[in-house]
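Numbers restart at 1 for each chain; the letters A, B, ... are given by sequence-line order, proteins then strands.
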Number of protein chains: 2
Amino acid sequence: MKVRSSAGLRDRSALWFEDGKLIMIDQRALPHRMQLVSYSDSGSVAEAIRNMVIRGAPSIGAAAAYGMALACLKKEDLRVAAETLKSTRPTANDLFYAVDYMLMRIDAGDDPISAAEAYAQNIIDKCMAIGRYGSGLIRNGDIVMTHCNAGALATVDVGTALAPIRVAWNEGKRFTVIASETRPRLQGLQLTAWELIQEGIEHAVIVDGASGHFMRKGVNMVIVGADRIAANGDFANKIGTFEKAVLAKEAGVPFYVAAPASTFDFDTSCGEDIVIEDRSSEELTMIGGKYIAPQGVNVLNPAFDMTPARYVTAYVTEKGILSKEQISSMRG
Amino acid sequence: MKVRSSAGLRDRSALWFEDGKLIMIDQRALPHRMQLVSYSDSGSVAEAIRNMVIRGAPSIGAAAAYGMALACLKKEDLRVAAETLKSTRPTANDLFYAVDYMLMRIDAGDDPISAAEAYAQNIIDKCMAIGRYGSGLIRNGDIVMTHCNAGALATVDVGTALAPIRVAWNEGKRFTVIASETRPRLQGLQLTAWELIQEGIEHAVIVDGASGHFMRKGVNMVIVGADRIAANGDFANKIGTFEKAVLAKEAGVPFYVAAPASTFDFDTSCGEDIVIEDRSSEELTMIGGKYIAPQGVNVLNPAFDMTPARYVTAYVTEKGILSKEQISSMRG
């Protein structure tokens, strides 16, 4: 079975299970090639997460869920598989959530593939709910800014930040999405713009440094995804998110975070406790296999930043549009 | 004669006059190759400015001055040469200033090459003065953030924003420079880091979107150059500058603009009157000849942004460190 929604990528999801294998779109090959890769054990799924064949907190969670299902089918040591999967990327909450969910379902004797598929379908259903709640925020003629890719590729299908955009567009509203390119890995340029082009949604890509310029010229809202949201509403997301939150506040532009329950981590009290992953300098100094930096350069490359809750206008969730005081309703 | 300073690039300036020709470092080839190109008429100098063989407001001014000198030597129509040079890039004030200066000197019967060399030497002398005033702002152990390239390459030699950094380092102070890479053309990564490596100055390059993250973690000052400063202190500089100014204000970090008199334009009353150049989408969608975007992408690519004077702590000039109330002393 291929979990699907009608509001996401036109022809396929970011990942699905077929003939005993987990299939993923290799997101590193986009937008140049649609390349599918398949996995039949948990170790190779872990490698795919680490190497960013698949990325985006909810998609990582779904991949890890299928990874646990494969571990079960292959009669691997489930504790080792769980640890290996959890060790791949430190920041997103969904990864940990998904692995623990699968351990519970497997312990309960449930069919592991069905459990993983239910996990993935559940993400899509929540994204659709986020889309329905969030679409009410978008008006005809608006300019909506987003960052990185919180679209279908990041969330199995539909998206989190892109869900309200997709639903509003499908309702017939007409507006423009500004996507910042999102260095170093260019997910805004290479994934979000690609998704928007697939859907025929009006858009413009800008360099990350132009966000403030356009915010001052007139942006109506900023909407981003999140990799982990702490109990107090502080959240981690792709590097560059914090800047947009500050710029939005300065320009008086509403700033929304779109995320499902699995992104909320009530065991983390505030943003300062979220581990920020540092990635290799080559992400910055190489593009398309070409070295673009001077010899001897030093690089700092944090993959995420942390935005304090005071910059967030509201959280767009599958349970509604919540203030930071209301997010404890996402608990459990 | 080769105009030089002892505090800039170790082996050559960004441009100089030799054997009847204007020689420039092709800054598009850096940091991969040190490639020199030579020009013997004003039209080809104008093309070099337009194509960004040379960039940075003061270097553009010097190139235009030499372009006018070449026009004179080649007995070109000086009014046509002046218009052609002025039409290359709209934002920087130095270009217009330099062409008008040369017309005046030529009208006065001065030797055109000597006049252009005096113009270039004058920039270097002013940069050295900026360096001496600005170095007092930098303390041992500081983290100093800059954007784009306001170094020797941008100003014939020494630099504007990099002048205080060079002088402080040569005085024996030890600190770290954070250079943001400056998409789309990567002047921070490819030129500023290259200059800092040449000088042995401790540095780290970050993506533009990480500026806010590091500002919050602890940056002691931000110092940038300017392409044009209006009478009220509003200024245009490389896209991404405005964001740093807002983030610095939010984090309580002092924000300095380093620029010589030629950058101040008292005929422009405020920043809203400065023309912002839009450049081609290929600057964003191509890197090193490789297309990196999805087919059908729309791009907005303003080369500069405008930062209101209220975000500026002070202006570091050859006449001292000035408040926005004091900048009228740069007039005339």
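Ranking B/N301, B/I239, B/T241, B/L30 against chain A, the residue ahead of the rest is B/I239, based on heavy-atom pairs under 4.5 Å. Comparing B/I206, B/I197, B/D208 by how many heavy-atom pairs each has under 4.5 Å with chain A, the most go to B/I197. In terms of heavy-atom pairs under 4.5 Å with chain B, the best-connected choice from A/V299, A/V207, A/V246 is A/V207.
For A/K244, no part lies under 4.5 angstrom from a heavy atom of chain B. Using a 4.5 Å cut-off between heavy atoms, A/L300 contacts chain B through both its backbone and its side chain. Contacts of A/P302 with chain B are made by side-chain atoms alone, with heavy-atom separations under 4.5 Å and no backbone atom involved. Interface residue B/S211: backbone and side-chain heavy atoms are both found under 4.5 Å from chain A. With a 4.5 angstrom heavy-atom cutoff, B/H213 touches chain A via backbone and side-chain atoms both.
Contact detail for A/R183 and B/L186: the closest heavy-atom pair is NH2-CD2, 4.5 Å. Pairing each heavy atom of B/R216 with each of A/F242, the nearest pair is NH1-CE1, 3.5 Å.
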Quick one: do A/V297 and B/H203 satisfy side-chain contact (heavy atoms from CB on, under 4.5 Å)? Show the steps, please. CA-CA 8 Å; A/V297 73; B/H203 73 279; 3.8 Å; yes
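To the nearest 0.5 Å, the span separating CD on B/E250 from CD on A/E243 amounts to 12.0 Å. Between atom CD of residue A/E181 and atom CD1 of residue B/I292 there is a gap of 6.5 Å, rounded to the nearest 0.5 Å.
Within residues 268-289 of chain A, the residues that have a heavy atom under 4.5 Å from a heavy atom of chain B are A/L284, A/I287, A/G288, listed by number. Taking 4.5 Å as the heavy-atom cut-off, the residues of residues 303-313 of chain A that approach chain B are A/F304, A/D305, A/M306, A/P308, A/Y311, ordered by number.
Between the B/Q190 side chain and the A/P294 main chain, no donor and acceptor come within less than 3.5 Å of each other.
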